[in-house]
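Every chain is numbered from 1, with letters handed out A, B, ... down the list of sequences.
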Number of protein chains: 2
Amino acid sequence: MPNNTINPEDWLTAVDESGFRVTTVQESLIDIFAHSEYPLSAEQAWEIARQSRPKTGRATVYRMVEKLEKLGLIRRLHGYQGCSHFVPTLPELMMLFICLSCGRADYLDSQPLNDLIQQSEHISGHHITDSRLQFFGACADCQQNA
Amino acid sequence: MPNNTINPEDWLTAVDESGFRVTTVQESLIDIFAHSEYPLSAEQAWEIARQSRPKTGRATVYRMVEKLEKLGLIRRLHGYQGCSHFVPTLPELMMLFICLSCGRADYLDSQPLNDLIQQSEHISGHHITDSRLQFFGACADCQQNA
DNA sequence: CGCTTATTGATACTTGGTATCAATAGGGTA
DNA sequence: TACCCTATTGATACCAAGTATCAATAAGCG
């Protein structure tokens, strides 16, 4: 995952600016999601959070996940170990590839998807306001090591 | 939904040929999914099934949904009232549009998606074995009646 | 028709997620 | 710094979707 393009500071700013208080739990959860190499479920994030902050509550983690998703900072993966895993959002890279072998997500340039949306709107007459595209398969690395 | 292209007989054949016994419950459930105008959850299918066959068990419906999904006869929708609704599969029409106003699914020609997959494989080096594309928005009808 | 075995239905259970509410901690003000 | 107000938190209870269990039932075959 291209962590270098994800800045936890920006997430804190986004949470702050959306009218919420920024707390230490939230900081720790933002850190966990922003730095994870793999998609995380709320349950997994809770486990990790308790390692450094044992009293962290389950509901708090679920609430934070919901908040981050609503703010568009994380994005839910569907069809990979259920539908409860999240990855950081990278607005220009909305086409997600998930490797079924190593579990890592790769972000692909979303311009081709935007083109496809425009084309589909034109053909069907529907007005498309949201889309979800996920690819599954074997990543370049896993193909080599197979 | 283009029901005219879905043939329950073919589904029964598919279930039969995959080594399962074909029973009356299964026939009724296949009918329900193949003829529904809207995406259905297992729970909803159970409700409908009990109207004509009151003793139908909940687990049976969940089992049948699982079987139909594994055989590729129905496909799960994600992000529309959760992730537990299903629509019949139309292999050449794998791009799904779901109207957020009337709830109906429309199937779009999947050739542009196939092209996109090829292009993405070429650029990324990943081997893509499965994909999921869903559009959300307002269908042509609902735009007019708004 | 009767036998064998897959399927079924009732029920209990698990899991992922939500609601409640008293206790806690931000952060603004004096 | 100390105080107050209120959003957030954590513990717990709760809920809903889905799964496991197992005796009863019904396909399909000889």
Hydrophobic cluster identity match, A:Ile98 and A:Phe33, side-chain contacts under 4.5 Å
yes
note: B:Glu47, atom CD; D:dA17, atom P; distance rounded to Å ~ 11 Å
Are A:Asp115 and A:Gln111 linked by a side-chain donor-acceptor pair shorter than 3.5 Å?
yes
Extract from the structure each pairing of a protein N or O with an N or O of nucleotides 28-30 of chain C at less than 3.5 Å, listing the distance.
none

Between B:Glu92 and B:Tyr107, a side-chain donor and acceptor under 3.5 Å:
no
Could you note down all residue pairs passing ring pair (Phe, Tyr, Trp, His ring centres under 6.0 Å) where residues 127-146 of chain B supplies at least one of them, sequence neighbours left out?
none
Using a 4.0 Å heavy-atom cut-off to protein, can you give one letter per nucleotide of nucleotides 2-7 of chain D, 5' to 3': B if the base is in contact, S if only the sugar-phosphate is, - if neither?
----BB
N/O (side chain, B:Tyr62) to phosphate O (OP1/OP2, D:dT19) under 4.0 Å
no
Heavy atoms, side chains only, cut-off 4.5 Å: are A:Pro112 and B:Gln119 in contact?
yes
Rounded to the nearest Å, what distance is computed from the CD atom of residue B:Gln44 to the C1' atom of nucleotide D:dA16?
14 Å
Which residues pass the ring-ring contact (aromatic ring centres under 6.0 Å, His included) test with B:Tyr80, sequence neighbours left out?
B:His85
State plainly whether the residues A:Arg76 and A:Glu69 are in salt-bridge range, i.e. N to O under 4.0 Å.
yes
With sequence neighbours left out, what residues match B:Lys55 under salt bridge (charged side-chain N to carboxylate O under 4.0 Å, His left out)?
none
Between B:Gln81 (CD) and D:dA16 (C1'), how many Å, whole number?
15 Å
Let me have a per-nucleotide readout for nucleotides 8-15 of chain C, 5' to 3', with B, S or -, counting only protein heavy atoms under 4.0 Å.
BBB-----
When you compare the side chain of B:Asp16 with that of B:Val22, does any pair of heavy atoms fall below 4.5 Å?
yes
Please check this pair: side chain of B:Ser36 against backbone of B:Tyr38, looking for a donor-acceptor N/O pair closer than 3.5 Å.
yes
Closest heavy-atom contact between A:Gln26 and A:Val15?
OE1-CG1, 3.5 Å
Which whole-number value in Å describes the distance from A:Glu27 CD to D:dT8 C1'?
14 Å
